[in-house]
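Note sheet for the following structure.
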Amino acid sequence: MGKLEDALQSGDALVVVDVQNDFCPGGALPIERADEVIPILNRWIAAALNKHVPVYASRDWHPVGHMSFRQQGGLWPPHCLQDSDGARFHPALHLPGSVIKITKGVRFDQDQHSVFDATGLSGELRQKNIRRLWIGGLAEDVCVLASVLDARRSGFDVVVIQDGTRPVSLEGGESARHQMREAGARLN
Ligand SMILES: [Zn+2]
């Protein structure tokens, strides 16, 4: 058993947030060095599956003309358009069939930065007696941050996989880590 397997326990789940082409170098909304998280997260995914710890992988999956896009008055350039190459999980991310996918960003009336936002995830985790979440992915100061804060509000213990996440901006990352710590998340 490796170190990661030792860290994982029954009652844990692993949540891999939005490791998609558009958020990696060359994508529509690229995050610097985002692809460096992939080998790290692959090791966590493999370790979790070895230990029968459930693994969830979320994807941003926007309709054309989504309200989060700049032209529609939102914050972001168009990204993760449904069924586009950019919306695909990064090809280097290993997602065996037992990994459960969460699709978000599909709503017309609001964006969904958090994997908990209108997805039903907290009920799903409770049903599986999950108490602690290991969270990594993209971006640290947007969807990872929102997901971690929601997880804490829902009463889950949270460990953020620090080398498995990257922020949109350095200042954003610092602020996100501060907020996540304040909310009681552990940064490993
Ligand atoms: Zn989005």
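Predicted model, so just to flag it, every value in this text is computed and none were measured. Side chains are part of it too, since the values below use all heavy atoms of this structure and drop only hydrogens, waters and symmetry mates.
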Problem set entry | Test item: Ser58 and Lys101 side chains (from C-beta on) under 4.5 Å apart, heavy atoms | no

For this session: Report whether Leu149 and Tyr56 are members of the same hydrophobic cluster (ILVMFWY, side-chain heavy atoms less than 4.5 Å apart, transitive linking).
Result: yes

Exercise. Got a second to check how far Cys143's SG is from Asp111's CG, nearest 0.5 Å?
Worked result: 7.0 Å

Exercise. Thinking salt bridges, do Arg33 and Glu36 make one under a 4.0 Å N-O criterion?
Worked result: yes

Problem set entry | For Asp83, side chain to side chain donor-acceptor pair (under 3.5 Å) partners two or more places apart | none

For this session: Output the rest of the hydrophobic cluster of Phe69: all Ile, Leu, Val, Met, Phe, Trp and Tyr residues reachable through side-chain heavy-atom contacts under 4.5 Å, sorted by chain and number.
Result: Val64, Leu81

Exercise. Just checking, is any N or O donor in the side chain of Asp60 or His79 under 3.5 Å from an acceptor N or O on the other one?
Worked result: yes

For this session: Ignoring hydrogens and angles, tell me if any N or O in the side chain of His66 forms a donor-acceptor pair with the backbone of Arg107 under 3.5 Å.
Result: yes

For this session: Mark yes or no for whether Gln112, through its side chain, and Gly105, through its backbone, hold a donor-acceptor pair below 3.5 Å.
Result: yes

For this session: May I ask you to check whether over 12 heavy atoms, not counting those of Gln179, lie within 6.0 Å of atom CD?
Result: yes

For this session: Please check if the side chain of Ser114 supplies one atom and the backbone of Phe116 the other of a donor-acceptor pair under 3.5 Å.
Result: yes

Problem set entry | Heavy-atom side-chain proximity of Val15 to Trp134 below 4.5 angstrom | no

For this session: Say whether, by atom type as modelled, one donor and one acceptor occur between the side chain of His90 and the main chain of Gln20 under 3.5 angstrom.
Result: no

Exercise. With no hydrogens and no angle check, is any side-chain donor or acceptor of Thr165 less than 3.5 Å from a backbone partner on Gly137?
Worked result: yes

Problem set entry | Arg152 side chain to Phe156 backbone, donor-acceptor under 3.5 Å | yes

For this session: Report yes or no: do Ile40 and Leu95 belong to one cluster of Ile/Leu/Val/Met/Phe/Trp/Tyr joined by side chain heavy-atom distances under 4.5 Å?
Result: yes

Exercise. How far does SG of Cys24 sit from CG of Leu29, to the nearest 0.5 angstrom?
Worked result: 10.5 Å

Seminar exercise, completed: Rounded to the nearest 0.5 angstrom, the OG-CD distance for Ser169 and Glu174 is 9.0 Å

For this session: Without swapping roles, check the side chain of Asp141 against the backbone of Val168 for a donor-acceptor pair under 3.5 Å.
Result: yes

Problem set entry | Beyond-backbone contact of Ser154 with Arg126, side-chain heavy atoms, under 4.5 angstrom | yes

Problem set entry | Residues Arg153, Asp150: salt bridge by 4.0 Å N-O rule | yes

Exercise. Taking the side chain as C-beta and beyond, is there a heavy-atom pair between Arg166 and Asp35 under 4.5 Å?
Worked result: no

Exercise. Salt-bridged, Asp12 to Arg131, with N to O below 4.0 Å?
Worked result: no

Exercise. So, the side chain of Thr119 versus the backbone of Val115: is there a donor-acceptor pair under 3.5 Å, distance only?
Worked result: yes

Seminar exercise, completed: Interatomic distance, CZ@Arg59 vs NE2@His62, rounded to 0.5 Å, equals 12.0 Å

Exercise. If only atom types and distance count, is the side chain of Asp22 paired as donor or acceptor with the main-chain N or O of Cys80 below 3.5 Å?
Worked result: yes

Exercise. Hey, what do you get for CZ (Arg186) to CD1 (Ile135), rounding to the nearest 0.5 Å?
Worked result: 12.5 Å

Exercise. Quick one: OG on Ser98 to CD1 on Ile45, what's the gap to the nearest 0.5 Å?
Worked result: 10.0 Å

For this session: Determine whether Leu14 and Leu138 fall in the same hydrophobic cluster, where Ile, Leu, Val, Met, Phe, Trp and Tyr are linked whenever their side-chain heavy atoms lie under 4.5 Å apart.
Result: yes

Exercise. Is there side-chain contact between Arg132 and Val159, with heavy atoms separated by less than 4.5 Å?
Worked result: yes

Exercise. Is there a donor-acceptor contact under 3.5 Å from the side chain of Asn42 to the main chain of Val37?
Worked result: no

Exercise. Are Leu93 and Phe23 connected in the hydrophobic side-chain network, where two residues link if heavy atoms are under 4.5 Å apart?
Worked result: yes

Problem set entry | Donor + acceptor pair across side chains of Gln162, Asn188 (<3.5 Å) | no

Exercise. Same hydrophobic cluster for Ile100 and Leu125, using side-chain heavy-atom links shorter than 4.5 Å among ILVMFWY?
Worked result: yes

Exercise. Are Arg177 and Arg181 close enough, and set up right, to give a side-chain contact (heavy atoms from CB on, under 4.5 Å), and what steps lead you there?
Worked result: CA-CA 6 Å; Arg177 288 188 289 280; Arg181 272 198 207 95; 4.3 Å; yes

